[in-house]
Amino acid sequence: MTEPIMELKDLKRYFLVHKSGGKQVFVKAVDGVNLTINQGEVMGLVGESGSGKSTLAYAVMGMYKPTGGRIIFKNQDISVSSAKRSLSLKKDLQIVFQDPGSSLNPSQNIKQILELPLKVHGLAKKGDLDKKIIDLLQTVELSPNYMYKSPATMGGGERQMVSIARALATDPSFVILDEPTSALDVSIQAKIINMLLKLQQAKRLTYLFITHDLSLMRNIATRVAIMYLGKVCEMADTVQFFKNPMHPYTRMLLSSIPVVSEEEEALKPQKVVSTGEIPSPVDVPPGCSFHLRCPEKTGLCTKADPVMIEAASGHFVRCHAYAKM
Amino acid sequence: MDNPILDIRDLHVWYRTYGGYAKVLDGVNLFVHKGEKVGLVGEAGCGKTTTMRSVLRILPESQVHTPRGQILYHGQDILQMNQRELHHVRTGGVSMIFQEPAAALNPVFTVGTQITDVIKYSGLSKQEKQKDNIKNLAMQAISEVYIADPERIMNSYPNQLSGGMKQRICIAMAIVTARELLIADEPGTALDVTIQDQVHKLLRGLVEKKGMSLIMITHSLGVAREMTDRIYVMYAGNIVEVAKSGDLFRKPRHPYTLGLLESVPKLTGGGMAEGIYGQIPDYLRPPGGCRFHPRCPRAIARCQEEKPNLADLGDGHQVACFQV
Ligand SMILES: Nc1ncnc2c1ncn2[C@@H]1O[C@H](COP(=O)(O)OP(=O)(O)OP(=O)(O)O)[C@@H](O)[C@H]1O
Ligand SMILES: Nc1ncnc2c1ncn2[C@@H]1O[C@H](COP(=O)(O)OP(=O)(O)OP(=O)(O)O)[C@@H](O)[C@H]1O
Ligand code: SF4
Ligand code: SF4
Ligand SMILES: [Mg+2]
Ligand SMILES: [Mg+2]
């Protein structure tokens, strides 16, 4: 039943950047990620801003060639750049980008934006094109008169719905959602998420869902992985994850969630004040990369980088505190 | 109580579009006192950004019509100001953190160039604007928003930064020159909660230290609850409820506010809510009466005919609804 659809094996993506003075350094945006995503699941990927989530997503999409490691999709190695990928692979893998504003061409209207993938993949006959576009708009609850609007005249939320419609246009089986609802209000978020879940059920879609919203993941993800500075630091099934968060960064995350009621407040781990320098991915500190901010660090943490261990069945964590056992 | 520093009265803003006027803002009333932190929440497309862009008069003038209303800044109407007065407001009084960081940053200039430009054209004194001081101020602003390695960032182009980093750069640009009122349009959406928490602390600290006021636009009700003193709830260009932040969550009254609160994914689990029935109206032909009536579970005949005004429930809690 749990059949892997996507496997990332020691995936790495570095960027060469120039510092002033002409010195060249590497940004290790993704640095050895192992992640298996099963057919039909909603894998939640949460983490620090700048921890490499979007870079990971772009590598999977073929927009960045991996610096190291492999990406296996439906038992096929796809660690090549987008140009070398087949059209059917491109149809099968889709992404909703983080920035709805910049990912939609401002000089096109919505009809032209949604038409393109349909035409490229030959998914609608000329006469059906308009109907198909209206259907797509309907799945994201936009009325047909949006066809002739331009992205510039729409609110951030409406634009994001168009990007979701565009990703769904090719009928993909694996969709990366890079913070698809962070620009949306809670009511529309609820509708979009319900719609995404319905589609997922109906079409056996698999989602890699990147978000900062742990409350949202609590309600929809099957598993959650936490990323910090290019690496996964904890991964577990959702229920386990929230019942027994292990990694100190995870606990800091959970304790910082803004909530709307006293009941929820009571569920959060005791407030771990979020302090400390956030290290740069150019100068990753030695030892555990979280040690500068970790309230539980010991002498070992500044020297040795912990390895991922399975601390409980299906519950993985990368922290010395659990390795001792 | 002293006069508010910003007092928006009965603001109507329409957009000229192909199909006619989109009547977006329909009589917005909102004020902010010195040192106060005010939240503005509401669904996507309800007019939050439009309201705040009107304050800075940065809406595309050719597309906008303002049939009625006033925006009083220290008692003077921004809508009537000449360019010189307006420039003064923008560089010396009010600054804004824009909602879409990617769109607010220019892709062809480095972050360093963009931040130093902001400082150069700000209302700082000549002395403060000396060359090395500008660079220092810029670097300091970048580290203040918790980005390590300000030097790399200064030399980076926007596309070399993560979404959250771009957002923090926009925050940095707004705070280097911030004076009296900071308008933050969704400043935390692209950040993880630990950094969001730190950025919020920074904003709060800044507001408190400099005695500034803050308007925080957000659709995260949780953020509004933790960050602000008072919250305005907006629906389709109207303010439908205002209350002290604690009160809004303890005893929300407007049917729309209730719907929003219901829709928040809860840490207690229990699956996703349905979201509020229906969608925001077409502003070309907005519904008469209470604009919420086509979606409201409690609507009565009167709601289609008449527009409810904000009524006082005491202690600054106001609601615009016939059924409350
Ligand atoms: N094209 C690029 N060139 C150089 N550095 C880059 C490039 N793209 C990303 N980076 C760097 O890689 C790191 C990871 O960025 P990424 O966008 O993957 O983060 P993220 O986890 O998606 O963050 P966020 O939650 O803020 O969107 C950042 O330090 C960023 O500056
Ligand atoms: N230049 C424009 N021309 C026509 N309509 C516009 C223009 N700018 C905005 N609108 C419309 O005005 C309404 C309000 O937009 P606004 O951006 O103020 O909403 P918002 O509350 O900030 O939403 P979001 O939460 O999505 O940012 C939307 O329906 C939008 O489509
Ligand atoms: S390894 Fe040490 S520093 Fe790293 S998270 Fe665990 S306790 Fe903290
Ligand atoms: S006035 Fe009527 S339609 Fe409007 S919110 Fe109240 S009950 Fe609903
Ligand atoms: Mg990202
Ligand atoms: Mg907005």
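These numbers were taken from a predicted model, which means no experiment stands behind them. Residue numbering restarts at 1 for every chain, and letters A, B, ... go by the order of the sequence lines.
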Inset, instruction - Heavy-atom pairs under 4.5 Å with chain A are the metric here; pick the option from B:S220, B:A224, B:G269 that has the most. - result: B:G269
Inset, instruction - Taking atom CD of B:E262 as the centre, report whether more than 12 heavy atoms of other residues, nucleotides or ligands fall under 6.0 Å from it. - result: no
Legend entry - Side chain, backbone, both or neither of B:E226 within contact of chain A (heavy atoms, under 4.5 Å): side chain
Legend entry - Toward chain B, the part of A:V46 with a non-hydrogen atom under 4.5 Å: neither
Legend entry - A:E262 side, atom CD; B:R250 side, atom CZ - distance, nearest 0.5 Å: 7.5 Å
Legend entry - Interface moiety of B:T268 toward chain A, non-hydrogen atoms closer than 4.5 Å: both
Inset, instruction - Identify which part of A:L216 has an atom lying under 4.5 Å from any heavy atom of chain B, answering side chain, backbone, both or neither. - result: both
Legend entry - Atom NZ of B:K135 with >12 non-hydrogen neighbours under 6.0 angstrom: no
Inset, instruction - Quick one: closest heavy-atom pair of A:R218 and B:K266, and the distance? - result: CG-O, 4.1 Å
Legend entry - Minimum heavy-atom distance between A:A190 and B:A273, given as atom pair plus value: CB-O, 3.5 Å
Inset, instruction - Below 4.5 Å from any heavy atom of chain A, which atoms of B:Y277 appear? Answer side chain, backbone, both or neither. - result: backbone
Inset, instruction - Pick whichever of A:S215, A:G47, A:G50 has the most heavy-atom pairs under 4.5 Å with chain B. - result: A:S215
Legend entry - Distance (rounded to the nearest 0.5 Å) between A:I193 CD1 and B:S263 OG: 12.0 Å
Inset, instruction - Supply the atom-to-atom distance A:S49 OG to B:Q167 CD, rounded to the nearest 0.5 angstrom. - result: 8.0 Å
Inset, instruction - Answer with side chain, backbone, both or neither: which region of A:F242 has an atom nearer than 4.5 Å to a non-hydrogen atom of chain B? - result: side chain
Legend entry - Side chain, backbone, both or neither of A:N145 within contact of chain B (heavy atoms, under 4.5 Å): side chain
Legend entry - Closest contact, heavy atoms only, B:V193 versus A:P258: CG1-CD, 3.9 Å
Legend entry - Closest contact, heavy atoms only, A:V259 versus B:R225: O-NH1, 3.0 Å
Legend entry - Minimum heavy-atom distance between A:I188 and B:E43, given as atom pair plus value: CG1-OE2, 4.2 Å
Legend entry - Which atom of B:R152 lies closest to which atom of A:V27, heavy atoms considered: NH1-CG2, 3.6 Å
Inset, instruction - Starting at NE2 of B:H219, measure out to OG of A:S187 and round the result to the nearest 0.5 Å. - result: 11.5 Å
Inset, instruction - Rounded to the nearest 0.5 Å, what's the gap from CD1 on B:I280 to CD on A:E158? Could you check? - result: 5.0 Å
Inset, instruction - Run the numbers on B:E274 and A:K198 for salt bridge (charged side-chain N to carboxylate O under 4.0 Å, His left out), then give the verdict. - result: CA-CA 12 Å; B:E274 297 262 312; A:K198 226 185 289 161; over 6 Å; no
Inset, instruction - Select one option (side chain, backbone, both, neither) describing which atoms of A:I220 are under 4.5 Å from chain B's heavy atoms. - result: side chain
Inset, instruction - Quick one: list whatever passes side-chain contact (heavy atoms from CB on, under 4.5 Å) with A:A225, sequence neighbours left out. - result: A:L35, A:M43, A:L45, A:V232, A:M235
Legend entry - Which residues share a side-chain contact (heavy atoms from CB on, under 4.5 Å) with B:I58, sequence neighbours left out: B:R53, B:L56, B:R90, B:F98
